[in-house]
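Input: a single structure, listed below in structure tokens.
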Amino acid sequence: MEQQHQQQQQQILETCEQSLSLSKLISLQTLASIRSLVISNPNTSDSTLSSILETLTRSLQLTAPDSLTGHHQHILKLLIDLSLRHHHHRSHFSRLVFDSLSSDSHSLLSSECVRLSADCLAAIVAVSEHDPELVFKVDDRLFASLCFAPCVSVRSWLLRNAERLGVGRHLLFTVLLGFTRDPYPYVRRVALDGLSGLCKSGFFEDVDVIKGCYCRSVELLSDAEDCIRCAAVRVVSEWGQMLVASSQEKNRTDCSDSVFIQLCSMVRDMSMEVRVEAFDALGKIGLVSEDILLQTLSKKVLGVIKERISHSKCNEECFEISASATAGAFLHGLEDEFYEVRRSACSSLCTFTVFSEKFAGEALNLLVDMVNDDSVAVRLQVLETMHHMANCECLKLQEMHMHMFLGTLVDNHDHVRSATRKILKLVKLPNLKLFKLCIDSLLENLQIYPQDEADVFSVLFYIGQSHGKFAVRIIEDVSQEIEPDCDGTLGFDSARVAAFLVLAISIPLSCEHNTHSISPRIFSDAVTLLGRISRALSEFMNQDSLLAYLSQCSRLSSFSSTDLKGAEQSLHEVESDNPDHTSTEIRSAVKIPVQETGDEAAETQSWIQSKLRELATSERCHLELDDEIIKSLNLVLVKVENIWSLVQSGYTIEVLKILRFCKEEVLLFNSESLGSDGALAFTLQYLQVVKLLAKVWEHFVPRKKFSHIETGELELLLGKLDRRLREIRCRFIGMSKEEELHVSELIILTCLLRLSKVEICCYLNTKKKLASTTSHIECLYKEGSIEPSKFVIEVRKSLLEIGTSLKPFPFHQLLDSFSLKKLTLSGNLRHINAVLDIPDNSSENPLPFVSGLPVGIPMDITLHNISTENRLWLKISMSEESNQFVFLDPDLFRDCSEVRKFTYIAPFYITPKLVTFSLRISICMECLFEDGHSTNGRGGPKYVLAYLCREKEVHLSVASRV
């Protein structure tokens with residue numbers, strides 16, 4: 001076999017020599033044979049590869065200017081593959097290829113064929129970027145000569161990749177500025193994009209250079225092509241800000257106004273993309289005169305604006321523009337027919353509300369009219385802008401605003417309702433009428449959408465603290481509603497009553513009022529709703545602190561920790577064993593004393609306030625501990641982000657060592673803290689994902705020291721990576737938009753890795769998953785107003801091309817665009833998991849069964865953070881092929897606590913004809929976001945499963961006859 005392979009190598013080389021001796025191009029068939037030696041056969045000798053390298057380089061010399069058939073592109077691609085394929089274990093080939101292509105003796109770069117020179121440049125850059133020891137910098141003269149060659153595609157490629165080629169900044173600026181006048185639109189756009197990139201480098205300090213670039217970009221604002229005007233808007237914004245920064249202090253405001261007016265002149269452009277770009281750019285201007293800002297909200301030109309010409313003390317015509325161009329700029333944007341423009345206008349409006357109180361008031365009138373916009377993305381952006389105004393204390397809600405604004409509390413989109421409630425936590429209402437209107441709207445929200453209860457209660461607690469006097473008046477008016485009836489029964493199942501109780505118990509924490517105005521009986525009534533209220537107030541205090549707070553406020557005498565523990569235990573027993581007890585029975589069980597009267601109340605008032613401060617301090621310490629853990633975990637995740645370059649280079653052993661240290665560091669934290677256990681579990685899972693990703697990446701970037709890779713290993717690793725990512729997405733709730741986007745991008749990356757190895761994946765299913773995940777990411781971007789990453793943009797562009805072309809899709813380009821971004825934990829993560837226990841069962845104490853008949857298996861189940869929407873199953877396995885699924889009815893865990901315990905007897909139907917046997921049982925949850933599929937068991941789960949606990953082994957033995 002080895003001899004046959006050598007003969008094949010020799011035959012291929014001889015064929016190449018014959019072609020070259022006759023000054024003929026090597027045939028495509030021969031090039032395909034060479035590719036098999038370079039790419040597919042790891043046993044090809046160094047001497048053969050060296051001969052191939054020399055042959056391919058010589059063949060490039062035969063490519064004449066009139067033979068531009070793409071033949072040289074095949075040869076250059078082979079040379080790149082030869083370099084990269086053997087870079088780690090035969091690194092000298094990278095240097096040989098680099099020297100062959102860049103050597104003056106071959107003069108490939110200075111070939112008469114411009115296409116050959118440009119492709120040769122691209123090949124040199126590709127080789128040098130994979131070896132830090134190879135440094136390449138294109139000659140300025142060569143770069144300029146190629147740029148001015150007649151080939152448009154070469155010109156645009158050179159301008160787009162100038163930074164990779166190491167072109168000097170001054171030469172590059174001159175070339176880019178010149179090519180903004182190129183007759184081809186695509187070249188002009190690339191030149192403008194290049195100027196935008198140069199601006200971000202902060203290299204230029206010469207004011208005349210900045211003015212020249214700014215004025216040229218202003219000229220291009222009137223270009224006939226939409227894409228040119230879009231790019232020109234970006235350059236005007238970025239170089240305009242640089243010009244403002246370089247101006248003298250006395251001229252800075254005039255200069256900033258001039259840039260702002262220029263951008264305002266583009267908000268009525270015929271192109272939707274240009275209008276969006278213009279409003280995005282407006283939001284980046286940091287300093288604008290108040291009269292100009294006010295003019296943007298009125299279509300009628302104001303008197304102070306009519307004669308004003310913005311010129312920034314300069315003679316250039318590009319600075320001379322009438323301020324009347326700003327008339328109604330934001331008004332036009334907010335009324336635009338495209339939601340993208342309305343959203344962008346609303347977002348940029350947010351920047352200027354802090355500059356002028358008058359502008360903020362008039363802008364609020366427009367924003368309130370937009371809370372009923374047809375687009376959810378616009379409604380969310382409007383509320384985000386109002387939230388920003390509230391944070392900056394410039395949101396002054398009046399009676400004329402309230403009906404429209406509060407109407408969003410019954411919006412059919414949950415994110416809109418949530419955004420409105422966040423604003424209500426920050427606003428200061430001027431009178432009782434508006435406060436009552438706000439309370440009524442929250443109650444309506446609660447009635448229509450019961451699932452919002454926790455968030456509504458939280459808002460009521462907030463506004464009760466900040467409007468203590470108004471809250472007391474409301475509670476006095478509804479006192480009869482929240483009092484027990486003649487039988488002593490409180491309607492604690494009523495969400496309305498619970499809401500008023502939450503509002504009432506917030507009043508003692510207000511600076512405007514004290515506990516004398518609130519009946520202590522209200523606090524004892526609130527104890528009956530301890531579970532519901534504690535979940536809503538988790539950001540203020542935990543359940544223990546809440547019970548202590550309610551107990552102290554319900555009596556005016558000393559309160560010991562022993563009493564608290566006894567009351568809490570009694571309450572838990574009564575609520576869990578007798579959920580239908582009346583409030584009177586529960587208050588009796590927890591031994592909450594009645595109100596004291598007389599002077600004793602006045603004497604102990606200061607004692608209660610001190611105890612409340614102690615509780616707040618204790619809770620704050622608890623929350624600070626959680627914050628410290630979250631901060632420490634985020635520091636660990638920074639280390640993970642920094643190892644990505646090692647992963648890309650194939651240094652797997654070093655990466656795994658760093659990840660092992662990170663895991664040991666995470667395990668040092670105490671997971672008993674209720675606020676951080678989800679973050680700890682998430683971090684450990686994430687470290688495992690990065691570990692698997694590093695092992696997978698090794699198969700795509702060969703190591704420096706070649707090591708044998710077993711068949712099927714990559715498929716196994718990708719399967720594990722899929723499962724880990726599925727578990728993260730399925731088993732963690734409370735993820736922020738950024739966390740969810742980060743995980744989704746990793747899922748897309750895994751799909752691309754599978755698709756690039758067609759032989760190991762189900763192509764159609766993987767492509768379908770890629771499309772659905774990309775669609776999900778786009779929804780997250782729209783909801784959160786987040787800019788998409790470069791990786792997602794490239795994937796979105798290529799989605800339709802994958803699998804539709806006869807040519808192999810260049811997956812490596814998409815993989816190269818991926819970079820592991822920084823992941824910052826929000827601290828709101830909760831981990832869905834379960835504990836399964838089979839009491840009194842072991843190999844020595846098996847469960848009895850009768851062969852051929854069903855057997856019941858008693859088990860104790862503990863569920864953490866499970867809701868009734870989750871579909872849980874018991875998976876009972878006797879062998880790899882024999883699985884039985886038992887559905888866990890949600891009625892088994894109907895209570896709303898985070899930790900739920902119950903006993904369950906699971907049936908196993910197919911008992912074998914054996915004396916003893918064992919089963920493996922685990923608790924699984926369906927991942928409803930995955931595509932449906934059938935299972936082995938009839939009537940079993942329809943979706944992919946995530947396992948919530950380790951498998952538990954159950955031992956059974958045939959029942960002995962008595």
Side-chain angles (χ1 to χ4, degrees), residues 237 241 244 252-253 256-257 260 263-264 279-298 326 329-331 333-334 342-371 373 377-402 404-406 408-409 415-431 434-435 438 455 458-459 461-463 465-467 510-512 539 736-738 783-787 826:
S237 171
Q241 292 176 64
V244 172
R252 192 162 293 173
T253 302
S256 183
D257 286 348
F260 184 83
L263 294 173
C264 283
F279 280 115
D280 288 346
L282 284 174
K284 298 174 184 177
I285 306 299
L287 182 66
V288 185
S289 300
E290 184 180 41
D291 55 348
I292 291 179
L293 279 178
L294 293 174
Q295 179 64 82
T296 62
L297 300 180
S298 173
T326 62
F330 280 119
L331 203 58
L334 297 176
R342 300 197 300 274
R343 181 178 61 183
S344 179
C346 186
S347 177
S348 60
L349 188 74
C350 175
T351 307
F352 305 107
T353 53
V354 296
F355 291 171
S356 164
E357 183 177 352
K358 187 175 181 181
F359 177 82
E362 294 188 14
L364 180 60
N365 296 334
L366 299 175
L367 291 173
V368 170
D369 290 336
M370 295 183 65
V371 293
D373 194 276
V378 174
R379 299 204 298 274
L380 286 172
Q381 184 57 61
V382 169
L383 295 172
E384 179 62 31
T385 300
M386 295 177 69
H387 185 266
H388 173 79
M389 294 172 66
N391 266 324
C392 299
E393 298 182 355
C394 57
L395 182 69
K396 308 297 182 184
L397 287 172
Q398 304 298 325
E399 185 174 353
M400 62 179 179
H401 303 136
M402 293 302 287
M404 292 285 287
F405 170 65
L406 293 176
T408 57
L409 285 173
H415 291 293
V416 174
R417 301 195 302 273
S418 177
T420 305
R421 292 192 292 265
K422 288 180 181 178
I423 297 172
L424 288 176
K425 290 182 178 181
L426 300 175
V427 297
K428 186 68 176 176
L429 300 172
N431 55 57
L434 295 186
F435 182 79
C438 179
D455 204 13
S458 177
V459 176
F461 198 80
Y462 262 105
I463 63 177
Q465 291 182 78
S466 55
H467 303 80
S510 171
C511 298
E512 299 180 3
E539 57 185 307
S736 65
K737 288 284 190 302
E738 289 74 15
E783 291 175 4
S785 300
I786 304 171
E787 289 296 324
S826 62

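Just so it is clear, the structure is predicted and the values come from calculations on it, not from any experiment.
When the side-chain hydrogen bond (donor to acceptor under 3.5 Å, both in side chains) test is applied to S356, the partners found at least two apart in sequence or on another chain are E290. Legend: residues meeting salt bridge (Lys or Arg N to Asp or Glu O under 4.0 Å) with K422, ordered by chain and number and at least two apart, are absent. With sequence neighbours excluded, no residue forms a side-chain hydrogen bond (donor to acceptor under 3.5 Å, both in side chains) with E738. D280 is linked by a side chain to side chain contact (heavy atoms under 4.5 Å, CB included) to V276, S344, counting only residues two or more places apart in sequence or in another chain. With sequence neighbours excluded, no residue satisfies side chain to side chain contact (heavy atoms under 4.5 Å, CB included) with T351. Residues passing the side chain to side chain contact (heavy atoms under 4.5 Å, CB included) test with L395 are L364, M386, M389, A390, L397, I423, V427, sequence neighbours excluded. For Y462, the ring pair (Phe, Tyr, Trp, His ring centres under 6.0 Å) partners at least two apart in sequence or on another chain are F540. Annotation: side-chain hydrogen bond (donor to acceptor under 3.5 Å, both in side chains) contacts of T408 (sequence neighbours excluded): T420. Contacts of R417 classified as side-chain hydrogen bond (donor to acceptor under 3.5 Å, both in side chains), with partners at least two apart in sequence or in another chain: D452.
The list of side chain to side chain donor-acceptor pair (under 3.5 Å) pairs with a residue in residues 360-369, not counting sequence neighbours, reads N365-H401. The list of side chain to side chain donor-acceptor pair (under 3.5 Å) pairs with a residue in residues 388-399, not counting sequence neighbours, reads H387-N391, E399-K433. Sequence neighbours left out, the pairs with a member in residues 378-387 that pass salt bridge (charged side-chain N to carboxylate O under 4.0 Å, His left out) are R379-D411.
Between F435 and H467, the angle of the ring planes lies from 30° to 60°, which puts this pair in the tilted group.
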